[in-house]
Asks: 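Structure incoming, see below.
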2 protein chains.
Amino acid sequence: MARGRTAPRLVDVAERAGVSLATASRALSGREGVSPAVAERVQAVAAELGYVVNAHARSLAGGSASIVGLIVHQIDDPYFSEIAAGVISVAYEHGITVQICHSARDPENELRQIRTLVANNVRAIIVAGSGYVGDEVETAAKRELAAFQDTGGRVAVIGRHALRADAVLPDNEDAGAALAEHLVGLGHRQIAIASGTVNLTTVVDRLAGIERALADHGIDIDDLPLVEAEFTRDGGAYAAERILAEHPGSTAIIALNDAMAIGALATLRAHGVAVPSQMSVVGFDDVTVAADLAPSLTTVRLPMAEMGADALMMALKDPSSRPRRRHTGHELMVRDSSGPVRA
Amino acid sequence: MARGRTAPRLVDVAERAGVSLATASRALSGREGVSPAVAERVQAVAAELGYVVNAHARSLAGGSASIVGLIVHQIDDPYFSEIAAGVISVAYEHGITVQICHSARDPENELRQIRTLVANNVRAIIVAGSGYVGDEVETAAKRELAAFQDTGGRVAVIGRHALRADAVLPDNEDAGAALAEHLVGLGHRQIAIASGTVNLTTVVDRLAGIERALADHGIDIDDLPLVEAEFTRDGGAYAAERILAEHPGSTAIIALNDAMAIGALATLRAHGVAVPSQMSVVGFDDVTVAADLAPSLTTVRLPMAEMGADALMMALKDPSSRPRRRHTGHELMVRDSSGPVRA
DNA sequence: AGCGCTTACGAAAGCGCTTACGGCGGCCCG
DNA sequence: CGGGCCGCCGTAAGCGCTTTCGTAAGCGCT
């Protein structure tokens with residue numbers, strides 16, 4: 001801070017109001033032990049001077065740092081920005097500010113973000129988005145979070161199984177099952193999967209649900225083509241490209257999130273493949289735009305904003321001895337991108 | 001911070017390494033004046049203890065707080081989340097963390113966010129998104145920002161004319177002109193406008209460009225139907241609804257951003273109006289999904305991520321005496337949602 | 001050996017705030 | 001009318017860090 005020595009401090013307010021530092025502090029943070037008259041005067045002076053408390057000093061001195069950290073994989077992915085919006089709205093009601101970090105789906109980076117948040121003395125850390133399967137850095141991150149909790153920090157995760165933290169868990173497996181069930185019900189058997197990288201637990205969970213539902217109908221998921229790609233729009237476009245080229249008999253594509261589904265739809269359109277008459281496409285999440293695509297996307301709705309809000313509320317509540325888990329429901333949104341398999 | 005009295009402090013590291021506080025501090029922040037041997041030892045101890053510097057204490061003590069604030073209107077709007085991604089990527093390279101605030105397009109709220117950021121001792125504040133026309137609170141915000149600058153803070157704005165701050169300015173007016181030009185070139189004369197609330201400078205600027213281009217062709221914008229609504233997807237849907245009902249002769253809709261255009265397309269689809277054969281639709285921004293809509297959206301591309309990146313870089317550079325302004329170009333993306341007016 | 005110079009390091013003074021702790025009136029009660 | 005209690009407020013001790021300043025040691029030179 002190369003601050004040029006201005007910005008009113010608490011002393012300035014105190015002096016001007018003719019009270020001590022302690023009284024000014026109490027008056028401004030609305031603590032008791034100050035007569036109404038004095039409190040009002042101090043507040044008036046503060047307003048007049050445009051005083052804002054230095055949050056760092058406050059936090060250092062033991063006042064509660066009213067800031068929480070949110071770590072997302074990719075802020076410009078609607079899935080995460082909708083979660084962020086949910087977190088922010090609750091934070092706002094509580095007068096808390098949110099510091100958003102963006103890990104770019106790099107576990108190493110995520111670890112760094114966690115460290116930064118801890119260094120910023122945040123009250124809580126919310127980690128949104130899939131965990132990483134079998135990643136060593138991931139466990140380093142877990143250690144870091146555990147240490148944070150040991151020192152009184154709160155942690156909540158969204159869509160990630162974690163040891164000791166409160167968690168909001170979307171029902172990825174059941175959602176996958178619902179989607180697979182839907183397609184099978186429409187007569188599809190030649191189903192291709194546009195998958196995100198399988199080091200993501202979300203991907204693994206969704207696949208597990210799909211596998212289960214298909215097995216109920218005597219279909220072995222291992223017999224189905226699965227293209228692994230980035231968990232993004234472009235990944236979906238690429239996966240669809242390969243599915244078209246290598247598995248021309250497919251009648252449906254399950255994309256493991258809406259971003260991939262959008263990419264897949266783009267590829268299909270480019271190749272003149274009609275959806276859903278020639279190919280059904282389904283996704284996961286129900287991002288806002290899913291309903292506005294043409295054809296509108298059949299997907300499984302996850303209440304992202306609500307998940308974000310819930311996670312923060314859990315983190316704000318007094319810690320429970322045992323981690324809370326809230327399982328979110330899912331809702332199959334049947335729209336125009338899926339239809340009966342062509343005769 | 002109800003931290004339960006743990007978390008290693010600098011003293012702990014210093015003691016353990018057998019050096020003074022000062023030396024430990026210097027060693028860890030890589031300042032000179034420490035012998036390589038000692039520096040290495042201190043760093044080893046710090047790593048061993050899992051020490052992370054308390055950013056608040058550092059900032060208080062005069063170390064630079066490596067945090068910048070970003071204020072956006074709506075984080076779950078792709079326009080803003082793409083800007084945020086741009087800001088974050090640059091921040092990351094510089095080891096800076098970004099605190100994102102979301103003003104929900106409420107100037108009052110925005111003012112509060114600015115105050116919070118100032119209180120958090122941020123190094124810079126980036127304000128993204130349109131300013132508000134003739135809003136008193138807006139000028140309060142300006143005062144606050146000016147005070148922040150006076151105390152050494154840096155300010156950059158994106159898409160907003162500001163007095164003394166560096167600014168990244170999308171070419172809203174020319175973009176509007178280009179779009180209007182495009183439609184007129186296709187033969188459209190009965191053009192309806194789905195406008196965001198006209199208290200937003202972005203809206204005003206875009207309208208000005210449209211007006212100019214239309215005037216060149218002898219069309220008076222005031223003769224055209226304009227529906228004012230929220231600057232969002234739902235606003236666009238509503239505006240299209242009214243345009244359809246009240247101005248059935250329209251052959252084209254200019255939505256003042258892509259979100260509104262998406263809403264408008266949804267309404268048109270619901271009413272069975274073919275795009276572009278019965279109605280052309282164009283938007284502004286070129287959010288990622290615009291190209292993936294069906295029909296793909298004709299729009300004017302603004303380089304959001306780049307704008308965010310530029311804004312942060314300007315804010316990081318040493319202050320110039322005069323505010324810098326960087327005008328971003330625009331690029332007309334002609335896609336499938338606009339076509340010649342039907343004979 | 002003595003001089004000045006550089007370099008490595010330590011002591012201590014805060015940064016702006018919160019919060020014990022203690023003092024000083026006024027009130028009630030006996 | 002005095003003692004105790006309570007409500008209001010001031011004094012001062014830090015929170016964990018950076019940084020100025022000072023000191024001691026090491027160097028090359030005369």
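First the proteins, then the strands, lettered A, B, ... as listed; each starts at 1.
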Asks: If I take atom CD from residue B/Gln99 and atom CD from residue B/Gln113, how far apart are they, to the nearest 0.5 angstrom?
Replies: 9.0 Å
Asks: Can you tell me how far the OG1 atom of B/Thr201 sits from the OH atom of B/Tyr132, to the nearest 0.5 Å?
Replies: 9.5 Å
Asks: It should be established whether B/Thr23 places a side-chain nitrogen or oxygen under 4.0 Å from OP1 or OP2 of nucleotide C/dG10.
Replies: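 Yes.
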Asks: Given atom CZ of A/Arg58 and atom P of D/dC17, what is their separation to the nearest angstrom?
Replies: 21 Å
Asks: Taking the nucleotide of DNA chain D with the closest heavy atom to each, which residue, B/Arg26 or B/Val52, is nearer the 5' end?
Replies: B/Val52
Asks: Taking the minimum atom-to-atom distance to the side chain of B/Ala22, which one of D/dA12, D/dT18, C/dG10 wins?
Replies: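 The answer is C/dG10.
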Asks: Identify whether any heavy atom of B/Ser35 sits under 4.0 Å from a base atom; if not, whether one sits that close to sugar-phosphate; answer base, sugar-phosphate or nothing.
Replies: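 Sugar-phosphate only.
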Asks: When rounded to the nearest 0.5 angstrom, what is the spacing between CZ in B/Arg326 and CE in B/Met313?
Replies: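 Those atoms lie 6.5 Å apart.
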Asks: Would you mind classifying the nucleic acid contact of B/Arg31 as base, sugar-phosphate or nothing, using non-hydrogen atoms under 4.0 angstrom?
Replies: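 Sugar-phosphate, no base atom in range.
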Asks: With each end axis built from five pairs of C1' atoms, what bend angle do you get for the helix from C/dA1-D/dT30 to C/dG30-D/dC1? Round to 10°.
Replies: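 For the helix from C/dA1-D/dT30 to C/dG30-D/dC1, the axes at either end differ by 40°.
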Asks: Measuring from A/Arg58:CZ to A/Ser25:OG, what's the distance to the nearest 0.5 Å?
Replies: 7.0 Å
Asks: Please determine, by modelled atom types, if A/Glu306 and A/Thr328 share a side-chain donor-acceptor pair under 3.5 angstrom.
Replies: no
Asks: Give the nucleotide from the list D/dG16, D/dT11, C/dC17 with an atom nearest to the side chain of A/Ser20.
Replies: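 In terms of side-chain proximity for A/Ser20, the closest of D/dG16, D/dT11, C/dC17 is D/dT11.
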Asks: Do B/Arg324 and B/Asp310 meet the salt-bridge criterion of a basic N to acidic O distance under 4.0 Å?
Replies: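 Judged by the 4.0 Å cut-off on N to carboxylate O distance, B/Asp310 and B/Arg324 do not form a salt bridge.
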Asks: How many Å lie between CD on B/Glu32 and C1' on D/dT19, as a whole number?
Replies: 13 Å
Asks: I need the minimum non-hydrogen distance between B/Ala119 and A/Val53, along with the two atoms involved.
Replies: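 Shortest heavy-atom contact: CB-O, 2.9 Å.
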Asks: Just the rounded figure in Å: distance from C1' of C/dC15 to CG of A/Asp12.
Replies: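 It is 14 Å, rounded to the nearest whole Å.
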Asks: Please report the distance, rounded to the nearest Å, between CG in A/Leu60 and P in C/dT18.
Replies: 11 Å
Asks: So, taking the atom named CD in B/Glu108 and the one named OG in B/Ser103, what distance separates them when rounded to the nearest 0.5 Å?
Replies: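 Answer rounded to 0.5 Å: 12.0 Å.
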Asks: Within this structure, what is the CD-to-P distance between A/Glu15 and D/dC9, rounded to whole angstrom?
Replies: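 Spelled out: CD on A/Glu15 to P on D/dC9 is 18 Å.
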Asks: Whole Å only: how far is the NE2 atom of B/His56 from the P atom of C/dT18?
Replies: 14 Å
Asks: What string of B, S and - do you get for nucleotides 23-28 of chain C, 5' to 3', when a contact is any protein heavy atom under 4.0 Å?
Replies: ------
Asks: Between B/Ser25 and D/dT18, is there a contact of a side-chain N or O with OP1 or OP2 at under 4.0 Å?
Replies: yes
Asks: How many Å lie between CG on A/Leu21 and P on D/dC9, as a whole number?
Replies: 15 Å
Asks: Testing the basics here: between A/Ile75 and A/Ala84, what is the closest heavy-atom pair and its distance to 0.1 Å?
Replies: CD1-CB, 4.2 Å
Asks: Between CD1 of A/Ile67 and CD1 of A/Ile125, what distance do you get to the nearest 0.5 Å?
Replies: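 Taking CD1 in A/Ile67 and CD1 in A/Ile125, the distance rounds to 10.5 Å.
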Asks: Tell me the interatomic distance from A/Asn121, atom CG, to D/dC15, atom P, rounded to whole angstroms.
Replies: 14 Å
